[in-house]
Peer 1: 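Shown below is the structure under consideration.
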Amino acid sequence: MRLLAVDTARRHGSVALLRDGEVVASASLGVAPGFGEVLFPTIQELLRGQALAVADIEAFAGATGPGSFTGIRVGLVAVKALAEVGERPVAGVSSLRALAASASCEGPRAALLDARRGELFCGCYGPGAEALASETVGVWDAVWPGVRDLCGYVVANEPSLFAEGGAAEQAPAGRRLSGPRELAGAVAMVAAADLAAGGASAPEDIQANYIRKPSARLPAVMR
């Protein structure tokens, strides 16, 4: 299978190409914002380097978040459109699940992402990227009991989370793992496994995984 994965959910965006179960090429999209301007040129350059065209891609995948509301939409709109136009299968992958799957450890692990406001996005996953509990958001004291009971390790791709003053500075030193800053490759690996197991979705069924509701609200007069 040739699968193209896109991740624009977080600050560092990326795209990756998986072929026959292995990520064979990846490229950075730089730092948000501005992913919309560079996404398709980067995809074209990546595929050209592998002597492929978009029509040669057999499946697509996108990171569903949590992360930037605008960034998530950019990536999901792109992969859903490519899948629909090419009549190809598509899969959405939680950014937390992809981060958990990237961890180089055996056994359960909790993926942590910065949710701002001193909070963490947290997801507990098994070694096969299977969810052990619902993803959540909260301060360390709120997420730690579940992490402690379900997971042997915590993995983050933002070193500041474990630093002094970081939202996860209380994580036990012996349990900390570092994941890749750019997650498109991990998204591709998880999506390929899902698709092989029959987990394809219709483009319109793939939804953003915000976890936290948007803070913006319509004025009362418009509700």
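These figures come from a predicted structure and were not determined experimentally.
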Peer 1: If the test is side chain to side chain contact (heavy atoms under 4.5 Å, CB included), which one of Val137, Asn157, Leu120 qualifies with Leu113?
Peer 2: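 Of the listed options, the one satisfying the test is Asn157.
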Peer 1: Give me the atom names and distance for the closest heavy-atom approach of Val190 to Ala98.
Peer 2: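 That would be CG2-CA, 4.4 Å.
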Peer 1: Under the side chain to side chain contact (heavy atoms under 4.5 Å, CB included) rule, what do Leu18 and Met189 come out as? Steps first, then yes or no, please.
Peer 2: CA-CA 7 Å; Leu18 178 143; Met189 293 294 292; 3.4 Å; yes
Peer 1: Return the CG to CG distance between Leu3 and Leu17, rounded to the nearest 0.5 Å.
Peer 2: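 One gets 8.0 Å once the value is rounded to the nearest 0.5 Å.
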Peer 1: According to a 4.5 Å side-chain heavy-atom criterion applied to Ile, Leu, Val, Met, Phe, Trp and Tyr, with indirect links allowed, do Phe69 and Ile206 form part of one hydrophobic cluster?
Peer 2: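 Yes, Phe69 and Ile206 fall within the same hydrophobic cluster.
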Peer 1: Quick check: is Val77 connected to Phe40 through a chain of hydrophobic side chains (ILVMFWY, heavy atoms under 4.5 Å apart)?
Peer 2: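 Not linked; separate clusters.
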Peer 1: Side chain of Ser26, backbone of Ala16: donor and acceptor closer than 3.5 Å?
Peer 2: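 Side chain of Ser26 to backbone of Ala16, a donor-acceptor pair under 3.5 Å: no, none is there.
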Peer 1: Give a yes or no on this: more than 12 heavy atoms of other residues, nucleotides or ligands lie within 6.0 Å of atom CD of Glu130.
Peer 2: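 Above 12, so yes.
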Peer 1: Do Tyr125 and Ser94 touch side chain to side chain, with heavy atoms closer than 4.5 Å?
Peer 2: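 Yes, close enough: below the 4.5 Å cut-off.
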Peer 1: Measure from the side-chain N and O atoms of Arg88 to the backbone N and O of Glu84, and report whether any donor-acceptor pair falls under 3.5 Å.
Peer 2: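 Checking the backbone N and O of Glu84 against the side chain of Arg88, no donor-acceptor pair under 3.5 Å is found.
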Peer 1: Nearest heavy-atom pair of Arg175 and Val147: which atoms, and what distance?
Peer 2: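 Nearest pair, atom of Arg175 first, then Val147: NH1-O, 4.4 Å.
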Peer 1: Are Leu52 and Arg2 packed together at the side-chain level, in the sense that at least one heavy-atom pair is separated by less than 4.5 angstrom?
Peer 2: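 Yes, close enough: below the 4.5 Å cut-off.
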Peer 1: Under the criterion side chain to side chain contact (heavy atoms under 4.5 Å, CB included), I'd like the reasoning laid out for Arg48 against Leu46: C-alpha separation, chi angles, the key distance, then a yes or no.
Peer 2: CA-CA 5 Å; Arg48 190 179 302 117; Leu46 179 74; over 6 Å; no
Peer 1: So which atom in Ile72 and which in Ala208 form the shortest heavy-atom distance, rounded to 0.1 Å?
Peer 2: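 It is CG2-CB, 3.6 Å.
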Peer 1: More than 12 heavy atoms of other residues, nucleotides or ligands under 6.0 Å from OH of Tyr153: is that the case?
Peer 2: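 Check fails, neighbour count at 12 or below.
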Peer 1: Test Leu76 against every option in Val6, Val90, Asn209, Thr64 by the side chain to side chain contact (heavy atoms under 4.5 Å, CB included) rule and name the one that passes.
Peer 2: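 Filter result, single survivor: Thr64.
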Peer 1: Report yes or no: does Glu169 contribute a side-chain atom to a donor-acceptor pair with the main-chain N or O of Gly165 at less than 3.5 Å?
Peer 2: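 Such a contact is found between Glu169 side chain and Gly165 backbone.
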Peer 1: Provide the closest heavy-atom pair for Ala63 versus Asp7 in the form atom of the first, atom of the second, distance.
Peer 2: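 Smallest heavy-atom distance, with atoms named: CB-OD1, 3.2 Å.
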Peer 1: Check the side chains of Ser28 and Glu182 for a donor-acceptor pair under 3.5 angstrom, ignoring hydrogens and angles.
Peer 2: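 A pair is found: one side chain offers a donor N or O, the other an acceptor, under 3.5 Å apart.
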Peer 1: Spell out, as yes or no, whether a donor-acceptor pair under 3.5 Å connects the side chain of Arg109 to the backbone of Gly107.
Peer 2: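 Yes; at least one donor-acceptor contact below 3.5 Å.
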Peer 1: Are Trp144 and Phe121 connected, step by step, through hydrophobic side chains (Ile, Leu, Val, Met, Phe, Trp, Tyr) whose heavy atoms are closer than 4.5 Å?
Peer 2: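 Cluster IDs for Trp144 and Phe121 differ.
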Peer 1: Return yes if some donor-acceptor pair links the side-chain N/O of Gln207 with the main-chain N/O of Glu204 below 3.5 Å, else return no.
Peer 2: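 The answer is yes, because a donor-acceptor pair under 3.5 Å joins these two groups.
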Peer 1: Salt bridge between Glu158 and Arg10, side-chain N to carboxylate O under 4.0 Å?
Peer 2: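 A salt bridge links Glu158 with Arg10.
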Peer 1: Distance from Gln44 atom CD to Thr42 atom OG1, nearest 0.5 Å?
Peer 2: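 Gln44 atom CD to Thr42 atom OG1 measures 9.5 Å (nearest 0.5 Å).
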Peer 1: Working to the nearest 0.5 angstrom, can you tell me the gap between Leu29 CG and Arg11 CZ?
Peer 2: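 That separation rounds to 14.0 Å.
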Peer 1: Test side chain to side chain donor-acceptor pair (under 3.5 Å) on Gln50 and Arg19; report intermediate values, then the result.
Peer 2: CA-CA 10 Å; Gln50 297 293 314; Arg19 179 159 26 195; 3.1 Å; yes
Peer 1: Look at atom CD of Glu58 and say whether more than 12 heavy atoms of other residues, nucleotides or ligands are closer to it than 6.0 Å.
Peer 2: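 Counting other residues, nucleotides and ligands, CD of Glu58 exceeds 12 neighbours.
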Peer 1: In this structure, would Leu112 and Val139 fall into the same cluster of hydrophobic residues linked by side-chain contacts under 4.5 Å?
Peer 2: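 Not linked; separate clusters.
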Peer 1: Over all heavy atoms of both residues, which pair between Val15 and Leu39 is shortest? Give the atoms and the distance, please.
Peer 2: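 Heavy atoms of Val15 and Leu39 come nearest at CG1-CD1, 3.7 Å.
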Peer 1: Is any NZ, NE, NH1 or NH2 atom of the basic residue among Arg97 and Glu135 found under 4.0 Å from an Asp or Glu carboxylate oxygen of the other?
Peer 2: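 No, no charged N to carboxylate O under 4.0 Å.
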Peer 1: Grab the two heavy atoms, one from Ile211 and one from Leu96, that are nearest each other, plus how far apart they are.
Peer 2: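 What the structure gives for the nearest pair is CD1-CD1, 3.8 Å.
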Peer 1: In the single-linkage hydrophobic clustering (I, L, V, M, F, W, Y; side-chain heavy atoms under 4.5 Å), do Val154 and Val143 co-cluster?
Peer 2: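 Per the 4.5 Å side-chain linkage, Val154 and Val143 are co-clustered.
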Peer 1: Answer yes or no: is there a donor N or O on one side and an acceptor on the other, between the side chain of Asp56 and the main chain of Ala53, under 3.5 Å?
Peer 2: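 Yes, the answer is positive, given that a donor and an acceptor are paired below the 3.5 Å cut-off.
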